[in-house]
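All figures in this text were calculated on a predicted structure; none of them were measured in a lab. Throughout, residue positions are numbered sequentially from 1 according to the sequence presented.
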Amino acid sequence: MTAIIYPWLQSYYEKITAAFQQGYGHHALLFRAEQGIGADQLIHAVANWLMCQHSSPRPCGECHSCRLFAAGNHPDVYQLAPVENKDIGVDQVREINEKVSQRAQQNGNKAVYVQGAERLTESAANALLKTLEEPRPNTYFLLNADLSSPLMATIYSRCQVWLINTPSEQQALNWLQLHNYSEISEIQTALRISYGRPLLALHCLEQGWLEKRREFFRAFWLFYTRRSPLELLPLFDKELILQQVDWLLAFLSDALKDKLNITSGWICRDLIRGIQQFNERQTVAGLLTATKIMQKVRSDLVQINAVNQELILLDGLTRLITEVFEH
């Protein structure tokens, strides 16, 4: 059984495998994409193709190598990834380097999937760099890195880089309609609040986030009108907290667009009446201040793990009241 590829990734797969078939394949492929697009599936498919003993243009799915790959226990396929959410350390890289220096057990290719390449420590990146600079025959590194995260320039320069774009809105909508029975308006809203990322939009629909979002903004209106953080604070969910902050940032961004008479690029089109009502007492300067406050809240939630999340949120909501809504 060969890997199924999302339709928006098909052209990347074809270009990569065609390059190998024509003798131009690179020993280190770096895939840069946002989460929720499915780059890991593309990497899986390319690795499957590289390991197949008869692949052209797709893995055969029948050879011993393909069966091992499908079972997830191919002895010549290795993974390098953060463990327990810790950065990838130098010892992990050294272990992989030792393994790929040995002969392939199936007498074919060897493949190393580096998941979260931006999480390599400096010493780990340097250890990996030595292997990338002196590639061994029939050994391929497939690196996945978040598009928004920095990556060491030396690693970047040793790889063939593939930037995986967000699919077109229509392509994403077509795919979502095949996988979800929600109304088209619900699907469109899920896709917008997921910033065009179809896998995240599907997760949003399946987990009922749209109803939670509606409840969240009903509470936000009470928070705004009553100037009370306690109206909104209990609505923050530990599992959804960053998404909820992003919902609020999108709302403020669209409110600013409304103030500036910008009609394109809205995320919260389903909340346009609420935004206009909210904007009756807002200023451009106030909305910019509110956005900065919530961006700081989001940054603190991501970076300051030891601090109680509730305290960070309470401080941000209080600042919205005292620095924006009371003026």
Query raised in the report: If Ile, Leu, Val, Met, Phe, Trp and Tyr residues are connected whenever their side-chain heavy atoms lie under 4.5 Å apart, and connections chain through other members, are Ile5 and Trp162 in the same group?
Result: yes
**Report entry** Donor-acceptor pair, side chain of Tyr78 and main chain of Pro75, under 3.5 angstrom
**Finding:** yes
Report task. Check whether Leu248 and Leu314 end up in the same hydrophobic cluster, where Ile, Leu, Val, Met, Phe, Trp and Tyr are linked by side-chain heavy atoms less than 4.5 Å apart. Result -> yes
Query - Pi-cation contact, Tyr224 with Arg227 (under 6.0 Å, within 45°) - result: yes
Requested in this report: Inspect the contact between Glu84 and Arg119 and indicate whether a charged nitrogen and a carboxylate oxygen are less than 4.0 angstrom apart.
Outcome: no
Query - Gln35, CD atom: more than 12 neighbouring heavy atoms under 6.0 Å - result: no
Query raised in the report: Taking the six-membered ring for Trp, are Phe216 and Phe251 ring centroids under 6.0 Å apart?
Result: no
Report task. Would you check, one step at a time, whether the test side chain to side chain contact (heavy atoms under 4.5 Å, CB included) holds for Leu232 with Leu317? Result -> CA-CA 9 Å; Leu232 185 58; Leu317 296 177; 3.8 Å; yes
Report task. Verify side chain to side chain contact (heavy atoms under 4.5 Å, CB included) between Gln102 and Glu98, making sure each step is shown before the conclusion. Result -> CA-CA 7 Å; Gln102 301 169 9; Glu98 175 63 26; 3.5 Å; yes
Query - Gln244 (side chain) donor-acceptor with Lys212 (main chain) under 3.5 angstrom - result: no
Query raised in the report: Is it true that Leu132 and Phe31 fall in one hydrophobic cluster, defined by side-chain heavy atoms closer than 4.5 Å?
Result: no
**Report entry** Atom CG of Asn73 with >12 non-hydrogen neighbours under 6.0 angstrom
**Finding:** yes
Requested in this report: Check the pair Leu50, Val46 against side chain to side chain contact (heavy atoms under 4.5 Å, CB included), reporting the backbone distance first and the verdict last.
Outcome: CA-CA 6 Å; Leu50 286 169; Val46 171; 4.2 Å; yes
Requested in this report: Can you see which heavy atom on Gln79 is nearest to which on Ala81, and at what distance?
Outcome: NE2-CB, 3.9 Å
Query raised in the report: Aromatic rings Trp49 and Phe20: how do their planes relate, parallel, tilted or perpendicular, breaks at 30° and 60°?
Result: tilted
Query raised in the report: Do Leu233 and Leu222 share a hydrophobic cluster, counting only Ile, Leu, Val, Met, Phe, Trp and Tyr and linking them when any side-chain heavy atoms are less than 4.5 Å apart?
Result: no
Query raised in the report: Considering residues, nucleotides and ligands other than Glu310, do more than 12 of their heavy atoms fall under 6.0 Å from its CD?
Result: no
**Report entry** Shortest non-hydrogen separation from Ala39 to Asn144 and the atoms involved
**Finding:** CB-OD1, 4.2 Å
Query raised in the report: Would a line drawn from the ring center of Tyr13 to the ring center of His44 be shorter than 6.0 Å?
Result: no
Report task. Return the minimal non-hydrogen interatomic distance between Ile88 and Val114, and the atom names on each side. Result -> CD1-CG1, 4.5 Å
Query raised in the report: Are Val302 and Arg298 close enough that some pair of their side-chain heavy atoms sits under 4.5 Å apart?
Result: yes
Report task. Test Val83 against Gln92 for side chain to side chain contact (heavy atoms under 4.5 Å, CB included), laying out the working first. Result -> CA-CA 10 Å; Val83 177; Gln92 290 175 264; 3.7 Å; yes
Query raised in the report: When the ring planes of Phe220 and Phe217 are compared, do they come out parallel, tilted or perpendicular, using 30° and 60° as the limits?
Result: perpendicular
Query raised in the report: Quick one: salt bridge (charged side-chain N to carboxylate O under 4.0 Å, His left out) partners of Asp91, sequence neighbours excluded?
Result: Arg94
Query raised in the report: What is the ring orientation for Trp8 with Tyr6, classed by angle as parallel under 30°, tilted 30 to 60°, or perpendicular over 60°?
Result: parallel
Query raised in the report: Under 6.0 Å from the CD atom of Glu169, do we count more than 12 heavy atoms belonging to anything else shown?
Result: no
Requested in this report: Count the heavy atoms belonging to other residues, nucleotides or ligands that lie under 6.0 Å from CD of Glu122, then report whether that count exceeds 12.
Outcome: no
Report summary line: Here the pair of heavy atoms bringing Tyr195 nearest to Thr166 is O-CG2, 4.1 Å
Query - Sidechain-backbone polar pair: Ser299 side chain, Gln295 backbone, donor-acceptor under 3.5 Å - result: no
Query raised in the report: Side-chain heavy atoms under 4.5 angstrom apart, residues restricted to Ile, Leu, Val, Met, Phe, Trp, Tyr: same cluster for Leu142 and Ile37?
Result: yes
